[in-house]
Amino acid sequence: MKTPTDEPLTRGTRVRWRKVPMGRRGVRRCGIGVAALSIVMLLSGCLSLASLDEKPIDKLTTGEAVIALRLGAAEASAGLPGGTSDNWIVLLDAQGRGQAGHIERGERGDIAWTELGVSYGVQAEDFLTTQEGTQRIPRVGDRSVEYLRYALPDGRIEVISAARGSGIRADIIELDGTMTSAETRDTEGDVGLCGSRVLAITDTQESESIKGSAREAYAAQSGSQTDIPEELAAVVQLDDPVGDVPRVLATAPMIDGLKSGQFMFACEGDVITMPSMLQDDPVAARDFGMMATTGPMVLQRWDLSTGQRTVIPVLDENGDEITLSKDLTIFGYQAIQVGDEYRFISSRGHAFTVDLRSGQTRHLFTIPAETVSHPTLFQVTETGVYVLEDRYREHVVTLSYRPWDGGDLREVITTGQLEKYLRTNAGGILSSGQEREIENFALRPGWDGGAQ
């Protein structure tokens with residue numbers, strides 16, 4: 001399996017995992033400075049000092065929690081031998097108090113909080129934590145890197161991951177706790193949910209398995225069996241394949257350099273829209289990654305009822321193009337649709353709102369986000385952006401909030417109780433301790449405490 005990287009890849013895995021250099025993560029402060037900081041925070045009333053209630057994973061319950069966090073496998077610090085593959089699931093209430101459940105042999109994965117409960121998993125099984133406890137859900141087969149978990153409209157949960165070898169695996173956790181799966185081979189692309197369908201925007205260069213069916217679909221759409229472009233873009237359905245090939249729903253001529261790198265897009269009936277970049281130098285992007293070039297932001301708009309694609313220029317309030325680069329990004333965004341607006345923040349903290357029909361766009365603000373050591377994580381609601389930071393130098397984890405329509409970033413929850421899970425000291429000549437990363441987090445559905 002390839003080492004996860006900081007940016008979405010132009011080929012293969014569309015994922016935002018970071019490889020964290022351990023030498024930079026283990027910086028600690030001690031003595032009077034930390035003591036003074038702890039006293040100040042305690043007096044301010046914003047720091048939770050209550051110990052987490054550790055439980056076997058089967059006994060973990062949602063209780064009064066408003067945020068769920070997944071802590072990844074521990075790596076040995078300072079490049080020395082060691083580390084473990086276990087994970088922790090942490091559930092915190094609005095005061096930063098909560099529970100921690102231990103998972104053995106956890107791989108990198110997502111965590112989702114749906115109306116059913118908190119959903120997460122490892123290679124061999126999935127888990128669903130509710131008010132009553134935690135249910136184990138066996139999995140048939142084996143998944144590799146997990147990309148994302150979606151809550152389907154009917155309450156089921158869809159898990160998208162890399163299939164062993166080449167392709168994408170879609171697992172559906174049914175309401176009765178069983179699981180059904182579908183795998184497609186030689187498939188890559190930008191994945192998202194539209195209604196109950198899991199779709200990918202791809203092309204015949206990325207996904208060789210669709211070449212035949214994409215050409216057939218284009219011929220049917222155009223009415224010509226001869227005037228077919230050599231390479232085609234397509235929207236395919238991953239959870240209802242034809243054999244091991246994804247089902248083609250729409251096609252259009254491929255535009256070299258039209259890329260997005262997302263796991264979300266706006267959905268209105270049969271129309272899906274995705275903010276994208278039209279790269280100035282597609283060759284450089286293919287060789288060195290999607291951030292290796294600049295280009296204007298555009299909207300890809302696909303109408304699945306007709307099979308047609310439209311590329312809409314994105315313009316700011318002054319009617320000018322918005323040029324994307326490594327300093328202004330849309331990749332790896334978290335997004336929410338509010339009416340005709342699509343509000344999103346990229347993995348590097350650049351927040352935008354775009355009108356899905358006109359393409360009129362505003363860059364709202366930027367929240368600084370580390371991209372090498374201790375990356376900042378984001379989740380969004382209709383009102384604003386939630387920001388999760390591991391402030392490792394201060395030995396605290398904070399959840400902050402910033403509204404879309406203005407206002408400052410303010411802390412909502414601050415806790416020091418994750419420190420012993422994120423960083424552990426170990427004696428002995430050959431070990432200097434272990435360090436974990438907060439892989440991702442999820443908010444309780446309907447909770448918007450930062451906006452209150």
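This chain uses plain numbering: 1 for the first residue, then up along the sequence.
Phe352 and His363 have tilted rings, their planes meeting at an angle from 30° to 60° on a 0 to 90° scale. Taking the six-membered ring where tryptophan is involved, the planes of Trp88 and His102 are perpendicular, since the angle between them exceeds 60° and thus also 30°.
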| Checking side-chain hydrogen bond (donor to acceptor under 3.5 Å, both in side chains) for the pair Arg343/Thr353: CA distance, chi angles, key distance, verdict? | CA-CA 4 Å; Arg343 303 171 183 176; Thr353 179; 4.6 Å; no

Begin from the C-alpha positions of Asp256 and Arg286 and carry the test salt bridge (Lys or Arg N to Asp or Glu O under 4.0 Å) through to its verdict. CA-CA 10 Å; Asp256 197 21; Arg286 283 195 293 270; 2.8 Å; yes

- Query: Can you list the steps and then say if Leu52 with Leu92 is a side-chain contact (heavy atoms from CB on, under 4.5 Å)?
  - Reply: CA-CA 9 Å; Leu52 294 180; Leu92 300 177; 3.6 Å; yes

Let's go through Leu232 and Met254 carefully: what are the C-alpha distance in whole Å and the side-chain angles of both, what is the deciding distance for side-chain contact (heavy atoms from CB on, under 4.5 Å) to 0.1 Å, and is it a yes or a no?
CA-CA 4 Å; Leu232 292 166; Met254 190 186 83; 5.6 Å; no

- Task: For Tyr120 and Glu146, run side-chain hydrogen bond (donor to acceptor under 3.5 Å, both in side chains): C-alpha distance rounded to whole Å, both residues' side-chain angles, the deciding distance at 0.1 Å, then the answer.
- Result: CA-CA 10 Å; Tyr120 48 95; Glu146 182 180 313; over 6 Å; no

Leu249 and Trp302: CA distance, side-chain angles, deciding distance, side-chain contact (heavy atoms from CB on, under 4.5 Å) verdict
CA-CA 10 Å; Leu249 304 182; Trp302 290 83; over 6 Å; no

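A distance of 7.0 Å separates CE in Met264 from OH in Tyr333, rounded to the nearest 0.5 Å. If you take CD1 on Ile272 and CG on Leu193, they are separated by 11.0 Å, rounding to the nearest 0.5 Å. In this structure, the separation between CD1 on Ile168 and OG1 on Thr184 is 5.5 Å, given to the nearest 0.5 Å. Note that the CD atom of Gln221 and the OG1 atom of Thr251 stand 3.5 Å from one another [nearest 0.5 Å]. Between Arg391 atom CZ and His374 atom NE2 the span is 13.0 Å, to the nearest 0.5 Å. Rounded to the nearest 0.5 angstrom, Leu304 CG and Leu199 CG are separated by 6.5 Å.
Shortest non-hydrogen contact noted between Ile312 and Ser358 is CG2-O, 3.9 Å. The shortest heavy-atom contact between Ile137 and Gly177 is CG2-O, 3.1 Å. Taking each heavy atom of Gly269 and Arg197 in turn, the nearest pair found is O-NH2, 4.3 Å. Here the closest non-hydrogen pair linking Trp404 and Ala351 is CZ3-CB, 4.1 Å. In terms of heavy atoms, Ala442 sits closest to Ile111 at CB-O, 3.8 Å. Here the closest non-hydrogen pair linking Ala292 and Ala284 is CB-O, 3.9 Å.
In this structure, the side chains of Pro241 and Arg247 stay at 4.5 Å or more apart for every pair of heavy atoms. Side-chain atoms of Val122 and Phe127, non-hydrogen and from C-beta on, do get closer than 4.5 Å to each other. Using a 4.5 Å cut-off on side-chain heavy atoms (C-beta onward), Ser209 and Thr187 make contact. The closest side-chain heavy-atom distance from Thr273 to Val354 is not below 4.5 Å. Using a 4.5 Å heavy-atom threshold, the side chains of Val191 and Tyr150 count as touching. Side-chain contact check for Ser400 versus Val412: every heavy-atom pair is 4.5 Å or farther apart. Using a 4.5 Å heavy-atom threshold, the side chains of Gln334 and Phe344 count as separate. Looking at Leu71 and Leu422, their side chains come closer than 4.5 Å, going by heavy atoms from C-beta outward.
Between Arg169 and Glu183, at least one side-chain N (NZ, or NE/NH1/NH2) sits under 4.0 Å from a carboxylate O, which counts as a salt bridge. Taking a cutoff of 4.0 Å between a charged side-chain nitrogen and a carboxylate oxygen, Asp390 and Arg423 qualify as a salt bridge.
No donor-acceptor contact under 3.5 angstrom links the side chains of Thr130 and Gln135, judged on distance only. For the 3.5 Å distance criterion, the side chains of Asp448 and Tyr386 qualify, holding a donor opposite an acceptor. A donor atom on one side chain and an acceptor atom on the other are found under 3.5 Å apart for Arg149 and Ser119. Under the 3.5 Å distance criterion, with hydrogens and angles disregarded, a donor-acceptor pair is assigned to the side chains of Thr383 and Thr381. At a cut-off of 3.5 Å, with distance as the only test, no side-chain donor of Thr293 or Gln279 sits close to an acceptor on the other residue. Between the side chains of Ser260 and Asp190, no donor N or O sits under 3.5 Å from an acceptor N or O.
With a 6.0 Å radius and a threshold of 12 heavy atoms from other residues, nucleotides or ligands, Glu230 has its CD atom at or below the threshold. Around atom CG of Asp227, no more than 12 heavy atoms belonging to other residues, nucleotides or ligands sit under 6.0 Å away. The environment of Glu64 atom CD is sparse: at most 12 non-hydrogen atoms of other residues, nucleotides or ligands sit within 6.0 angstrom. Surrounding NZ of Lys211 are more than 12 heavy atoms belonging to other residues, nucleotides or ligands, all under 6.0 Å away. Within 6.0 Å of the CD atom in Gln131, the count of heavy atoms belonging to other residues, nucleotides or ligands exceeds 12.
Both tests hold for Arg402 against Phe365: distance to the six-membered ring centre under 6.0 Å, angle to the ring axis within 45°.
Using a distance-only test at 3.5 Å, with no hydrogens or angles considered, no donor-acceptor pair links the side chain of Thr376 to the main chain of Glu389. Under a 3.5 Å cut-off, the side chain of Arg444 and the backbone N or O of Ala65 do form a donor-acceptor pair. Using a distance-only test at 3.5 Å, with no hydrogens or angles considered, a donor-acceptor pair links the side chain of Thr361 to the main chain of Gly359. A donor-acceptor distance shorter than 3.5 angstrom exists from the side chain of Arg348 to the backbone of Lys326, with no hydrogens or angles considered.
Taking Asp405 as the reference, nothing meets the salt bridge (charged side-chain N to carboxylate O under 4.0 Å, His left out) condition, with sequence neighbours excluded.
Listed by first and then second residue, the salt bridge (charged side-chain N to carboxylate O under 4.0 Å, His left out) pairs that reach into residues 214-225 come to none, sequence neighbours excluded. Within the structure, salt bridge (charged side-chain N to carboxylate O under 4.0 Å, His left out) pairs that include any residue of residues 349-368 comprise Glu268-Arg357, Asp340-Arg357 (at least two apart or interchain).
A side chain to side chain contact (heavy atoms under 4.5 Å, CB included) with Thr202 holds for exactly one of Val236, Leu238, Val248; it is Val236.
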